[in-house]
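Beneath this line is the structure, given in structure tokens, with notes to follow.
One-based numbering, in listed order, for ligands and for the atoms of each.
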Amino acid sequence: MQLVGIAKAAQAATLLEAKRTVTYSHLATGKWINRVADSRHSFDWSINPYRGCEMACQYCYARYTHEFMELRAPDDFETRIFAKVWNAVEFRRELTRVPRSQAIALGTATDPYQHAERRYELTRRMLEVFAIESGRKFWITTKSDLPTRDIDLLQRVAQRNVLYLNFTITTIDVELARGLEPKAPRPDLRLAALAALTASGIRCGAIVSPVLPGINDGEAELLALAERAKQAGATWFGGGVLFLKSPTREIFLAYLEREHPLLVRRYQKTFASAARPSREYHQIIEARFERIRRQVGLSRKATSYLPPDWEQGNQMALAL
Ligand code: SF4
């Protein structure tokens, strides 16, 4: 057929840009709840409803996990998202095997409230299971404001279980956040979500993770973030220094070339043979956080508490 008019013009149009596309796939899973080997964590078991994460944080350490599926293109982690096939019976069965004295963390590798959650609601389904539990301890970590969708459910979970919610906020500088975490909700939206959650009785803290040398580690910037978190109702404040190894290393160095070219040499040198900055840097940052916590009135960790309907006879040691 001979094209005419607008059809002809459309066919001849020069491509300006092909926007990246995100695919969502269903992934069969053999295991929902995994034992955590590292005793330094405040939780014993981990759950990650999704593989990959569309929020596309340039520093995301979990990018390597896509390589287990032989997905190695630089943007595979953020464009090929896998939602695990929900199986309530199996999930409950695994949960019964977790001793009540041991804490379970939701969102240790990828974000449980990433964009896919709006469609597939795996995190919400898990909360529905947790809501009929009692005497357990749960942690949720997210960079999203989506937990506000589940306030009613989170309140039910927290009625009979200990529930802590970590909001990861790396900066309150919106432009910096846009470059670092291109598809994550803005920091002010996360702070507003934190305020809504704490107003509804959920215990929340703010975590600066990762702390990036020369980018978000200034004392004044961290102090301003801590003050905003405190105003929003956070009770704890902490952070973790950048862990950088391949394939994230290459992606983060490319980000630095674009956004902070003067820092490229410093990072290349620091991370040439190690995945973390020096012990001295860690000590400086920890002292900085400690000063800020004292100044603002925030604790280092979530403090123990008993939920309103803590099951009698099921008193576990709540030490973190
Ligand atoms: S939100 Fe978390 S899991 Fe998602 S890309 Fe960012 S750091 Fe990775």
Fill in the blank from the handout: closest protein heavy atom to atom 5 (S) of ligand 1 is Cys57 N, 3.4 Å
Practice task
Flag Cys53 as yes if one of its N/O/S atoms falls below 2.8 Å of atom 4 (Fe) of ligand 1, otherwise no.
Solution key: yes
Problem - Interfacing atoms of ligand 1 (cut-off 4.0 Å, heavy-atom, Ala109) - result: 3 (S)
Exercise for the section: For Thr110, counting its heavy atoms only, list the atoms of ligand 1 lying under 4.0 Å from any of them. Expected result: 3 (S)
Problem - Mode of Ala56 contact toward ligand 1 - side chain, backbone, both, neither (heavy atoms, under 4.0 Å) - result: backbone
Exercise for the section: Quick one: sort the Trp236 and Trp139 rings into parallel, tilted or perpendicular, breaks at 30° and 60°. Expected result: perpendicular
Problem - Residue from Gln114, Glu117, Lys84 passing side chain to side chain donor-acceptor pair (under 3.5 Å) with Tyr50 - result: Glu117
Practice task
Identify, by atom number and element, the atoms of ligand 1 in contact range of Asp111, meaning under 4.0 Å from any of its heavy atoms.
Solution key: 1 (S), 3 (S)
Exercise for the section: Inspect the contact between Arg293 and Glu286 and indicate whether a charged nitrogen and a carboxylate oxygen are less than 4.0 angstrom apart. Expected result: yes
Handout entry: Sub-6.0 Å ring centroid separation between Tyr305 and Tyr164
Key = yes
Practice task
Assign the ring pair Trp86 / Trp32 to parallel, tilted or perpendicular, where the plane angle (0 to 90°) is split at 30° and 60°.
Solution key: perpendicular
Problem - Proximity to ligand 1 by part of Ala62, non-hydrogen separation under 4.0 Å - result: neither
Practice task
Quick one: sort the Tyr120 and His26 rings into parallel, tilted or perpendicular, breaks at 30° and 60°.
Solution key: tilted
Completion exercise
among protein heavy atoms, the one nearest atom 8 (Fe) of ligand 1 is Cys60 SG, 2.3 Å
Problem - Protein residue, atom and distance nearest to atom 2 (Fe) of ligand 1, heavy-atom basis - result: Lys143 NZ, 4.2 Å
Exercise for the section: Measure up the Phe43 and His41 rings against each other and bin them: parallel (under 30°), tilted (30 to 60°), perpendicular (over 60°). Expected result: parallel
